[in-house]
Amino acid sequence: SLQLQMTNLFESAYQGGPAVDVLSASGNQTAALPKLTSHWTKTYDKAVRTNVYAVAQPSPNARLVMPNHDKKMLGLTQRYLVLQLFLPAEDADDLRKQRPLSLELAVSDAAKHRRRLLFSTSFAELKKTPLHARIPLPSVPRGVWVHLALDLVDLVGHSFAGVSFARLDALAPRAACPLRRIYAPR
């Protein structure tokens, strides 16, 4: 039988420092360049005076996938993942007009089983299966830059009974909002 050989992008990277840059739109080159759909571009944002990844045309298919190849995985072992993003302020009275933010994370547990965590501002309630969890993001502030911090150990432990987090294998934000940086602090 033929087994797929997965490449771990951050396996040889020092992960004991204050943070690991997963993605940065500024001049820093990261180990894991994203796979961008045609809707995502890297542009200069005058308001924050730095480059950001942004969606030129809002579309449900607009997503940024890391790593950029199916035979690779991130292999991040940090407990926390932080996304710096800006959700535009929109009509608070009409929720249908608000652009949703969603994020998909592929994680592996200590037994090397892969599971998915799906986060979205459009989910109303938590739904869990043995391999997937749909988690609502009800209170992400709009109209300001935010640091969306996720405790991966806690999220995996609460979403999948008796399972412990081992590493982050992939991530895919889907949003019609600028994204400045993704990093994993210690």
Side-chain angles (χ1 to χ4, degrees), residues 6-26 28-36 40 42 48 50-55 62-69 72-87 100-110 112-123 126 128 131-141 144-160 163-186:
M6 299 291 280
T7 303
N8 186 339
L9 292 175
F10 287 96
E11 184 174 44
S12 61
Y14 178 66
Q15 294 191 37
V20 175
D21 261 340
V22 180
L23 175 72
S24 178
S26 65
N28 298 346
Q29 185 75 325
T30 57
L33 292 174
K35 177 169 42 174
L36 305 171
W40 282 87
K42 185 175 176 179
V48 290
T50 189
N51 288 324
V52 297
Y53 286 102
V55 176
R63 58 184 235 165
L64 181 144
V65 181
M66 295 188 64
N68 62 1
H69 194 277
K72 294 181 181 179
M73 63 182 167
L74 294 175
L76 288 168
T77 57
Q78 278 74 12
R79 176 182 187 120
Y80 301 102
L81 181 70
V82 179
L83 291 87
Q84 290 181 351
L85 52 93
F86 182 88
L87 275 178
L101 163 68
S102 65
L103 172 68
E104 179 180 335
L105 301 178
V107 297
S108 291
D109 61 20
K112 298 185 180 178
H113 295 118
R114 291 190 76 180
R115 301 170 192 276
R116 287 189 323 155
L117 297 168
L118 304 166
F119 302 88
S120 180
T121 55
S122 62
F123 295 155
L126 174 67
K128 301 187 281 187
L131 297 176
H132 307 292
R134 291 175 44 164
I135 304 166
L137 290 173
S139 59
V140 177
V144 294
W145 280 93
V146 296
H147 290 251
L148 180 62
L150 304 171
D151 184 344
L152 301 175
V153 172
D154 191 44
L155 286 165
V156 169
H158 282 50
S159 299
F160 311 108
V163 174
S164 59
F165 170 79
R167 69 176 179 258
L168 175 66
D169 294 330
L171 64 95
R174 295 179 188 209
C177 63
L179 178 65
R180 187 184 327 179
R181 182 178 177 212
I182 301 173
Y183 65 99
R186 191 158 52 138

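Just so it is clear, the structure is predicted and the values come from calculations on it, not from any experiment.
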Nearest heavy-atom approach of V153 to R79 is CG2-CG, 3.7 Å
The residue among R115, H113, R116 that forms side-chain contact (heavy atoms from CB on, under 4.5 Å) with V107 is R115
Output for pair (T77 OG1, R167 CZ), nearest 0.5 Å, gives 10.0 Å
- Query: Within a strict 4.5 Å, meaning less than it, do heavy atoms of the L105 and L155 side chains meet?
  - Reply: no
Side-chain contact test, heavy atoms from C-beta onward, threshold under 4.5 Å: evaluate it for V146 versus L87 and give yes or no.
no
query = With side chains defined as the heavy atoms from C-beta onward, is the minimum distance between L117 and F160 less than 4.5 Å?
reply = yes
When every non-hydrogen atom of A170 is compared with those of L74, the smallest separation belongs to CA-CD1, 4.0 Å
Q) Within a strict 4.5 Å, meaning less than it, do heavy atoms of the L150 and L103 side chains meet? A) yes
Rounded to the nearest 0.5 angstrom, the CG-OG distance for L131 and S159 is 12.5 Å
Q. Side chain of D21, backbone of S24: donor and acceptor closer than 3.5 Å?
A. no
Self-check item: L126 and I135: CA distance, side-chain angles, deciding distance, side-chain contact (heavy atoms from CB on, under 4.5 Å) verdict
Solution: CA-CA 5 Å; L126 174 67; I135 304 166; 3.7 Å; yes
Note: S164 and V156 closest approach over all heavy atoms is C-CG1, 4.2 Å
Taken to the nearest 0.5 Å, the spacing of L76 CG from L81 CG works out to 7.5 Å
- Item | Validation row: L171, L83 side chains within 4.5 angstrom (heavy atoms) | no
Heavy-atom nearest pair, L179 first then Q84, reads CD1-O, 3.4 Å
Q) Can you say whether the rings of F86 and W145 are parallel (under 30°), tilted (30 to 60°) or perpendicular (over 60°)? A) tilted
Here the gap from H147 atom NE2 to R180 atom CZ, rounded to the nearest 0.5 Å, amounts to 6.5 Å
All heavy atoms of R114 vs all of S108, minimum pair found to be CG-OG, 3.7 Å
OG of S102 to CZ of R134, rounded to nearest 0.5 Å, is 11.0 Å
Heavy atoms of A184 and V22 approach each other most closely as N-CG2, 4.3 Å
Partner of F119 under side-chain contact (heavy atoms from CB on, under 4.5 Å), picked from L137, L101, L148, is L137
